[in-house]
Trainee: 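Next up is a structure, given as C-alpha cells.
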Amino acid sequence: MDQNISIAPYWGAEPTFSNLEKLTEFLLEERFTIKDLGVSYTNITYWDKQGILSFSRSAGGRWRNFNFIDFMWIKTVDELREIGISTTLIKAAKKNLFQPFNMKPFLENVKANPDEFEIITKNYSKEEREKLKKFYAQIEKKPTNKKITHFYYAIADAIQLTEEIKLEIFKDGSVILHPFHNLYSEVDVLKVIREMHISISLTTILKNFLTGYSDHITHVATDLKILQPNEIKLLELINSGEYDSIRVIFKGTEMKELELNKTQDAKTRLVDIMKEGAYQNITIKSHKGVVSSIENTIKVKF
C-alpha cells in the first residue's frame, strides 16, 4: 500500500458532484493487501469463518485486495472484539450495516420538495447540476447498489462532515448510525435511551488511520485540525530531530509522567497523547536545555 495514502483531500471538501465522485472512487478502490490491515492473519481467517467480514477469499483461496470500506470494517470489528463483543452479535450487526442503501426515499423527497435540489446544488456549476440530474435519473431506475451500503454512507459522512459519526449496536444486532448528539428520529432517541447497546466512534477509527498510515503526521494533523496549533508547532520541532528527550506530565491519570526519547517512535506516541488531551504539560529537551514547552489549557477532544 502507498504509505502516503490520505483522506485529507476529501476531509470536509465542498460537497460538489465532482468531489463526491472522487470520494466514491477513493473509498472503493482496492488498494490494501492483507498485510496492510494491521490485524493478524489468524484473526482475519477466524472472522472469515465466522461470517463477519464484508469480503471473502477469491475462488483460489487467496485474499484479494481490500478497499477503504473493507479496511474500516476490519478496524471496527477489531475494536468490537477488543471490548468483548461476540462474533454472533457482530455478524448480526454486519448484516444490517451492509444492506444496500436505498436511494428511493431520498429521490422522492427531492421530487416532492423542489427547493431541496436548489439547496443541494447551491455551490454546483451548471455542468455539475446536469450531471447530478442524470445521476438521479440512473438511480431512479436502480435505487440500490450492493457496494453503496449503510456502512459506506456512514464512512462517507464521517469524512465529509468532519464531525464524529457514531455506531450504536444493540443486543438484537440492530444498528443506528448517526452524527454525535444528533439522532434522526424520536424512535432512535427512545431506542438509545431504553435499550442496552454499545457505541463506538467511526471518526476516531478514521483519525487513527490518518496518523498511523501517513509518513506526514504533522501535515495530516494540521489539515484535519486533529491537533491544536501549539501542538503542531511541537511536532514540527520533533520533525527537525534537534532534541534528546520528551517529557509528558499527565493530568488526572494513574501515570503521572512519561519520558520519550529518539529510540522510541516518539512522534506517533506523542500524537496519540495529544489527541486524547489527557496531558498537563509537554516539554522537549536538548543538550542545550529546554527547547519548547506547552500547557494543555483548552482541548477539544475528538
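The structure displayed is predicted, hence computed values, not measured ones. We use all heavy atoms of the structure for the numbers below, so side chains are in, but hydrogens, waters and symmetry mates are not.
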Trainee: Quick check on the 6.0 Å ring-centre criterion: do Tyr279 and Phe250 meet it?
Mentor: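 So the answer is no for these two rings.
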Trainee: Does any N or O in the side chain of Asn113 come within less than 3.5 Å of the main-chain N or O of Val110, such that one atom is a donor and the other an acceptor?
Mentor: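 Checked: no pair found.
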Trainee: Rounded to the nearest 0.5 Å, what's the gap from CG on Leu80 to CG on Leu89? Could you check?
Mentor: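 It is 8.0 Å, given to the nearest 0.5 Å.
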Trainee: Give the cluster check for Ile176 versus Tyr153: same hydrophobic cluster or not, with ILVMFWY residues linked at side-chain heavy-atom distances below 4.5 Å.
Mentor: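 No; Tyr153 is not reachable from Ile176 via cluster members.
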Trainee: Measuring only between side-chain heavy atoms, which start at C-beta, is Phe170 closer than 4.5 Å to Ile198?
Mentor: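 Not touching, per the 4.5 Å side-chain cut-off.
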Trainee: Please confirm whether the ring centroid of Phe17 lies under 6.0 Å from the ring centroid of Tyr124.
Mentor: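 Aromatic pair excluded; centres sit 6.0 Å or further apart.
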Trainee: Run Thr283 and Asn281 through side-chain hydrogen bond (donor to acceptor under 3.5 Å, both in side chains) and show every step you take.
Mentor: CA-CA 7 Å; Thr283 302; Asn281 175 278; 2.8 Å; yes
Trainee: If you measure from CG on Leu132 to CG on Leu20, what distance do you get to the nearest 0.5 Å?
Mentor: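 So the CG of Leu132 and the CG of Leu20 are separated by 8.5 Å.
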Trainee: Are Trp47 and Ile90 packed together at the side-chain level, in the sense that at least one heavy-atom pair is separated by less than 4.5 angstrom?
Mentor: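 No, every pair of side-chain atoms sits at 4.5 Å or beyond.
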Trainee: Under 3.5 Å, side chain of Lys94 to main-chain N/O of Trp73, donor-acceptor pair present?
Mentor: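 Answer holds: no.
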Trainee: If you define the side chain from C-beta out and look only at heavy atoms, does anything of Glu257 sit under 4.5 Å from Arg247?
Mentor: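 A side-chain contact under 4.5 Å exists here.
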Trainee: Do the side chain of Glu130 and the main chain of Lys126 share a donor and acceptor less than 3.5 angstrom apart?
Mentor: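 Checked: no pair found.
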Trainee: Could you please spell out the steps behind the side chain to side chain contact (heavy atoms under 4.5 Å, CB included) verdict for Lys146 and Thr144?
Mentor: CA-CA 7 Å; Lys146 65 179 182 180; Thr144 60; over 6 Å; no
Trainee: Between Tyr152 and Phe101, is the ring centre distance below 6.0 Å?
Mentor: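 Centroid separation for Tyr152 and Phe101: 6.0 Å or greater.
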Trainee: Could you give the distance from NE2 (His150) to CG (Leu167), rounded to the nearest 0.5 Å?
Mentor: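 These two atoms lie 13.0 Å from each other.
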Trainee: Hey, is the main chain of Leu107 close enough, under 3.5 Å, to the side chain of Tyr136 for a donor-acceptor pair?
Mentor: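 Not a single qualifying donor-acceptor pair exists.
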Trainee: Could you give the distance from OG1 (Thr121) to CD (Glu116), rounded to the nearest 0.5 Å?
Mentor: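 Answer for the OG1-CD pair, Thr121 versus Glu116, is 10.0 Å.
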Trainee: Would a 4.5 Å heavy-atom cut-off, applied to side chains only, mark Pro179 and Tyr184 as touching?
Mentor: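 Yes. Closest side-chain heavy atoms under 4.5 Å.
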Trainee: Restricting to non-hydrogen atoms, name the atom on Thr149 and the atom on Leu97 that form the minimum distance, rounded to 0.1 Å.
Mentor: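 So the two residues come closest at CB-O, 3.7 Å.
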Trainee: For His178 and Glu168, does a side-chain donor sit closer than 3.5 Å to a side-chain acceptor?
Mentor: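 Yes - a donor-acceptor pair under 3.5 Å links their side chains.
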Trainee: Would you check if there is a donor-acceptor pair between the side chains of Ser18 and Glu128 at a distance under 3.5 Å?
Mentor: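 Ser18 and Glu128 do have a side-chain donor-acceptor pair below 3.5 Å.
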Trainee: Look at the rings of Phe71 and Phe32 and say which category their plane angle falls in: under 30° parallel, 30 to 60° tilted, over 60° perpendicular.
Mentor: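 Ring orientation of Phe71 relative to Phe32: parallel.
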Trainee: Please tell me if the side chains of Val77 and Thr87 come closer than 4.5 Å, counting only heavy atoms from C-beta onward.
Mentor: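 Answer no - side chains too far apart.
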Trainee: What are the two closest heavy atoms between Leu53 and Ile44, and how far apart are they?
Mentor: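 Nearest pair, atom of Leu53 first, then Ile44: CD1-O, 3.6 Å.
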Trainee: Taking Val189 as the starting point, is it possible to reach Val175 by hopping between hydrophobic residues whose side chains are less than 4.5 Å apart?
Mentor: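 Hydrophobic grouping puts Val175 apart from Val189.
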Trainee: Please answer: with hydrophobic residues joined when any side-chain heavy atoms are less than 4.5 Å apart, are Leu37 and Tyr46 in the same cluster?
Mentor: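 Linked, Leu37 and Tyr46 end up in one cluster.
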Trainee: How close do Asn102 and Pro143 get, counting heavy atoms only, and between which atoms?
Mentor: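 Where Asn102 meets Pro143 most closely, the heavy atoms are OD1-CB, 3.5 Å.
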Trainee: So which heavy atom on Ile139 is nearest to which on Met103, and how close?
Mentor: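 Taking Ile139 first and Met103 second, the nearest heavy atoms are CD1-CE, 3.6 Å.
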Trainee: Should Ile193 and Leu183 be counted in the same cluster of Ile, Leu, Val, Met, Phe, Trp and Tyr side chains packed under 4.5 Å apart?
Mentor: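 In one cluster: yes.
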Trainee: Going through the distances and angles, do Leu27 and Thr24 end up as a side chain to side chain contact (heavy atoms under 4.5 Å, CB included)?
Mentor: CA-CA 5 Å; Leu27 294 176; Thr24 298; 6.0 Å; no
Trainee: Just by distance, with hydrogens left out, do Asp48 and Thr45 show a side-chain donor and acceptor under 3.5 Å apart?
Mentor: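 Result is no, nothing qualifies.
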Trainee: For the CD1 atom of Ile165 and the CG atom of Asp157, what is their distance to the nearest 0.5 Å?
Mentor: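 If we round to the nearest 0.5 Å, Ile165:CD1 and Asp157:CG are 5.5 Å apart.
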Trainee: Looking only at heavy atoms, which two atoms of Ala92 and Asp172 are closest? And how far apart?
Mentor: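 Smallest heavy-atom distance, with atoms named: CB-O, 4.3 Å.
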Trainee: Yes or no on side chain to side chain contact (heavy atoms under 4.5 Å, CB included) for Phe66 and Ile34, after CA distance, side-chain angles and deciding distance?
Mentor: CA-CA 8 Å; Phe66 313 108; Ile34 195 167; 4.0 Å; yes
Trainee: To the nearest 0.5 Å, what is the distance between NZ (Lys166) and OG1 (Thr204)?
Mentor: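 The distance works out to 10.0 Å.
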Trainee: Indicate yes or no: does Arg129 engage Glu118 in a salt bridge with an N to O separation below 4.0 Å.
Mentor: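 Salt bridge: yes.
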Trainee: Would you sort out whether Glu164 and Leu202 count as a side chain to side chain contact (heavy atoms under 4.5 Å, CB included), showing the intermediate values?
Mentor: CA-CA 7 Å; Glu164 188 170 353; Leu202 296 179; over 6 Å; no
Trainee: Of all residues at least two apart in sequence or in a different chain, which pass the salt bridge (charged side-chain N to carboxylate O under 4.0 Å, His left out) check with Lys111?
Mentor: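 So Lys111 forms a salt bridge (charged side-chain N to carboxylate O under 4.0 Å, His left out) with Glu140.
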Trainee: Taking C-beta and beyond as the side chain, do Ile169 and Ile85 meet within less than 4.5 Å on heavy atoms?
Mentor: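 Side-chain contact under 4.5 Å: no.
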Trainee: Quick check: do Met72 and Ile205 have side-chain heavy atoms less than 4.5 Å from each other?
Mentor: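 With C-beta onward as the side chain, the pair touches.
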Trainee: Is it true that atom CD of Glu14 has more than 12 heavy atoms of other residues, nucleotides or ligands lying nearer than 6.0 Å?
Mentor: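 Yes - once you tally the heavy atoms of other residues, nucleotides and ligands closer than 6.0 Å, there are more than 12.
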Trainee: Check Ser174 against Asn96 and note the closest heavy-atom contact, atom names and distance.
Mentor: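 In this case the closest contact between Ser174 and Asn96 is CA-ND2, 3.7 Å.
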Trainee: Grouping I, L, V, M, F, W and Y whenever their side-chain heavy atoms are under 4.5 Å apart, do Ile52 and Tyr41 come out in a common cluster?
Mentor: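 Yes, one cluster joins them.
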Trainee: With sequence neighbours left out, write down each residue that passes salt bridge (charged side-chain N to carboxylate O under 4.0 Å, His left out) with Glu195, or none if nothing qualifies.
Mentor: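 Lys191.
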Trainee: State whether the side chain of Asn67 and the backbone N or O of Asp70 hold a donor-acceptor pair below 3.5 Å, judged by distance alone.
Mentor: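 Yes, because the side chain of Asn67 sits within donor-acceptor range (under 3.5 Å) of the backbone of Asp70.
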Trainee: When you compare the side chain of Phe151 with that of Thr76, does any pair of heavy atoms fall below 4.5 Å?
Mentor: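 Sidechains of Phe151 and Thr76: in contact.
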